[in-house]
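Please read the structure below before turning to the comments.
In this text, all values refer to a predicted model and were calculated from it rather than measured experimentally. Numbered from 1 within each chain, the chains take letters A, B, ... in sequence-line order.
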There are 2 protein chains.
Amino acid sequence: MRTPPPRIDPSADLAPESHFLPPLSAELIAVIVAVTGDSPRILTLDRGLTLPSGPLETGHRSLQAGVRSWVERKTHHALGHIEQLYTFADQDRLEDSEPKQVISVSYLGLTLEATASGDPGVGWQGWYRYFPWEDHRLGRPLVLDPILDTLDTWVHRAASVEIRRARMSRVRHTFGAKGEPWNEEWVLQRYELLYEAGLVEESRRRGYRNHPAGRLATGEGMQHDHRRILATGIARLRAKIKYRPVVFELLPESFTYLRLQKAVEALAGRRVHKQNFRRLIAFQNLVEPTGGIENQTGGRPACLYRFRRAVLQERMMVGSKLPLAK
Amino acid sequence: MRTPPPRIDPSADLAPESHFLPPLSAELIAVIVAVTGDSPRILTLDRGLTLPSGPLETGHRSLQAGVRSWVERKTHHALGHIEQLYTFADQDRLEDSEPKQVISVSYLGLTLEATASGDPGVGWQGWYRYFPWEDHRLGRPLVLDPILDTLDTWVHRAASVEIRRARMSRVRHTFGAKGEPWNEEWVLQRYELLYEAGLVEESRRRGYRNHPAGRLATGEGMQHDHRRILATGIARLRAKIKYRPVVFELLPESFTYLRLQKAVEALAGRRVHKQNFRRLIAFQNLVEPTGGIENQTGGRPACLYRFRRAVLQERMMVGSKLPLAK
DNA sequence: CCTATTATGCTCACTCTGAGCATTAAATGC
DNA sequence: GCATTTAATGCTCAGAGTGAGCATAATAGG
């Protein structure tokens, strides 16, 4: 098509600061999500302290293939959906400053919950254990009160009026205080705010000044920045269920509308209007009746449905709108 | 808070296939976007054949800081917005199979177009040069006709009825054929489809069977997978302008509504209804009048506005809705 | 049979959006 | 000066989509 012109060495232009390359290694970290009943869960090691992770190997054709092969061995379930979350290489991520540089690539995966493998410490944990303020299904959670109080003193400790104003409006908008609406997607922003304000264990570990209010119940901590990665995953998933039909990866072959709704509510951390939810699902032609009936409902029996997997082929991008728009 | 339990070595469980770690290096690749008049442009090297890239250095505090420092030296402009696109490590990315493994982290950056540096081969290229079928501002582009014709023969060359059906519906939905609407966000899906069908230079290079129709005008190619990365960047940007106020990073301090609209149209590759566009912008309180007047408009002079940068602080997540919803 | 419980069907008001008509304010050509 | 052209700006209206709630159906348990 054309003869390639002489190539300019890009590094000569673009990477001036240092040409010393330290030993580099790559690590894969996975947020593996399942839903049991109305509890959203994640796969953890170390009794809930870390997310599953491991080095990138040559045996893996791609990053995604690497994560997939791990998790399928671990859960004995096919990973329904997998997507990349974020790549970090910040040197200040490391708690002990090694000379070695690590690139961490994080992934979000959806699956059905399986019995945990026999290893001690490996298992599923409800994610609201780490983010108790994120569960608004029974209304505004009470943990928010002490959190907002403490954030308020953080706002007033600001060095200047501008900083105080900025902090105040940030708290207002991320946490939905003072009449602002709660937006369930801003999981990461809320965690980062708590981190900066020194209200989570991880930031206290990192030498952020301890808050005078002392220990506040702000969820379980995790090692390294794993809780931050988890927040990223939850935020991504909460956003994604609104426009892609990924919830179905968390459900068995056949399910009732209510079970589907409970899964959505578990992920989103808020409740939805039942009739409108049904209307939206029915209208989009994403599911078809199996013909079966579930009569362990406690009331009128419910029709069973299955996800029409064909839609994924038909339209690569199906809009699975959910009544979570706000 | 708790005593850490004995850590399980994650690699023992999670990375079974090989423990040989090859020499690893990390590369940063940037899609730097600017808008000049009504042309969306990207910064390129090698006379348009490659995107700017370079190795990750220890001097960089983080991946993002690395990209930022490059680009600011290159363009002499502050990068307004920068975000990570995707991380690849697929070994089949490499054209010559080296033993060395490379992780490529790609970024999207927005800036104002500056005069290109003096280096030969370095400069700005309109992005529709690489994706001529993506520009629908003057209606459906004519290049689509031969492309769809050739895709049609690809559909009919399918080995089985199922594959043919799947191919046909994929073409229909990604390219908006046969009454389906055109969705400007599916840039990557369209490029991948053309790649698989052997209709772009890059796939012909990679040994995909050459199509009998021979050479088809499917835009300029790039080296390696840079055109694929560019497609990812365009898709991301087209999606993002609809819900975050990032367009303003591509505009000077003060601008008219029309200029703002032209920038949006350039990025989205489609036109929007002028009055509704104004209504939406005005309603969202994203801009404020500077008081100035632009009278080189050719008609009635237009008011000048500036972006209210304060909104970025006030609300970390501002919805900058644009009339591109569809 | 009555009540509790859940499933399911349907209505209604409100908002958002696409589309177009109408008016205003300049430059340009006669 | 005046008509014409060009673009900016203001406003209306119909249709789609959504939130909220009422009403009915079908089961289990007393």
Side-chain angles (χ1 to χ4, degrees), chain A residues 37-38 136-137 139 181-184 241-243 254-265 268 270-305 318-326, chain B residues 37-38 136-137 139 181-184 241-243 254-265 268 270-305 318-326:
Chain A
D38 51 8
H136 287 230
R137 284 175 293 178
W182 173 266
N183 187 325
E184 75 278 356
I241 53 172
K242 292 177 193 166
Y243 63 96
S254 88
F255 48 83
T256 64
Y257 272 147
L258 185 61
R259 173 138 190 202
L260 175 60
Q261 182 182 344
K262 290 292 181 197
V264 167
E265 291 177 334
R270 37 177 282 220
R271 278 200 285 194
V272 300
H273 186 280
K274 186 190 256 190
Q275 295 94 316
N276 292 345
F277 182 81
R278 310 180 102 262
R279 174 175 62 186
L280 218 48
I281 299 297
F283 179 70
Q284 291 177 91
N285 207 25
L286 292 172
V287 299
E288 60 193 1
T290 65
I293 293 283
E294 165 69 58
N295 41 16
Q296 305 306 310
T297 55
R300 170 173 168 176
C303 293
L304 285 169
Y305 295 87
V318 246
S320 149
K321 291 172 70 177
L322 292 177
L324 294 166
K326 202 42 350 101
Chain B
D38 52 9
H136 287 231
R137 284 175 293 178
W182 174 265
N183 187 326
E184 75 278 355
I241 53 172
K242 293 177 193 167
Y243 63 95
S254 87
F255 48 83
T256 64
Y257 272 146
L258 185 61
R259 173 135 190 206
L260 175 60
Q261 183 182 345
K262 289 292 182 197
V264 167
E265 291 177 333
R270 38 177 282 221
R271 278 201 286 196
V272 300
H273 186 280
K274 185 190 258 192
Q275 296 93 314
N276 291 344
F277 182 81
R278 312 180 101 262
R279 175 175 62 186
L280 219 47
I281 299 297
F283 180 69
Q284 290 176 92
N285 206 26
L286 292 172
V287 298
E288 60 192 1
T290 65
I293 293 284
E294 165 70 56
N295 41 15
Q296 305 307 312
T297 55
R300 170 174 169 176
C303 293
L304 285 169
Y305 295 87
V318 246
S320 150
K321 291 171 72 176
L322 292 178
L324 293 166
K326 207 24 10 89

Phosphate OP1/OP2 of C:dT6: any A:K274 side-chain N/O under 4.0 Å: no
Residues B:E184 and B:K242 bridged, charged N to O under 4.0 Å: yes
Rounded interatomic separation in angstrom, taking CG from B:N276 and P from D:dT12: 14 Å
Whole angstrom value for the distance that separates C1' of D:dA8 from CZ of B:F277: 14 Å
Length of the line joining B:Y257:OH and D:dA8:C1', which is rounded to integer Å: 11 Å
Spacing between B:Q284 atom CD and C:dC16 atom P, to the nearest angstrom: 11 Å
Given D:dG10, C:dG9, C:dC12, the nucleotide with the shortest approach to the side chain of B:Q275: D:dG10
Contacts of type salt bridge (charged side-chain N to carboxylate O under 4.0 Å, His left out), residue A:R279, not counting sequence neighbours: none
Atom-to-atom span, CG of B:L304 to C1' of D:dA8 - whole angstrom: 13 Å
Interatomic distance, A:R270 CZ vs D:dG19 P [rounded to whole Å]: 8 Å
Whether A:E294 side chain and A:P301 backbone form a donor-acceptor pair below 3.5 Å: no
Side-chain heavy-atom pair B:L304, B:T256 within 4.5 angstrom cut-off: yes
Nearest-angstrom distance from the residue atom NE2 of A:H273 to C1' of C:dC12: 12 Å
N/O donor-acceptor pair under 3.5 Å between A:R270 side chain and A:R137 backbone: no
Rounded distance (Å) that lies between atom P of C:dA19 and atom CZ of B:R271: 13 Å
A:H136 side chain to A:G139 backbone, donor-acceptor under 3.5 Å: no
A:Y305 ring center near A:Y257 ring center (under 6.0 Å): yes
Residue met sooner reading DNA chain D from 5', once B:R259 and B:R279 are mapped to nucleotides: B:R259
Residue A:A302, side-chain heavy atoms: nucleotide from D:dG21, D:dA8, C:dA7 that is nearest: C:dA7
Under 3.5 Å between N/O atoms: give me all the protein pairs with nucleotides 26-30 of chain D, atom names plus distance.
none

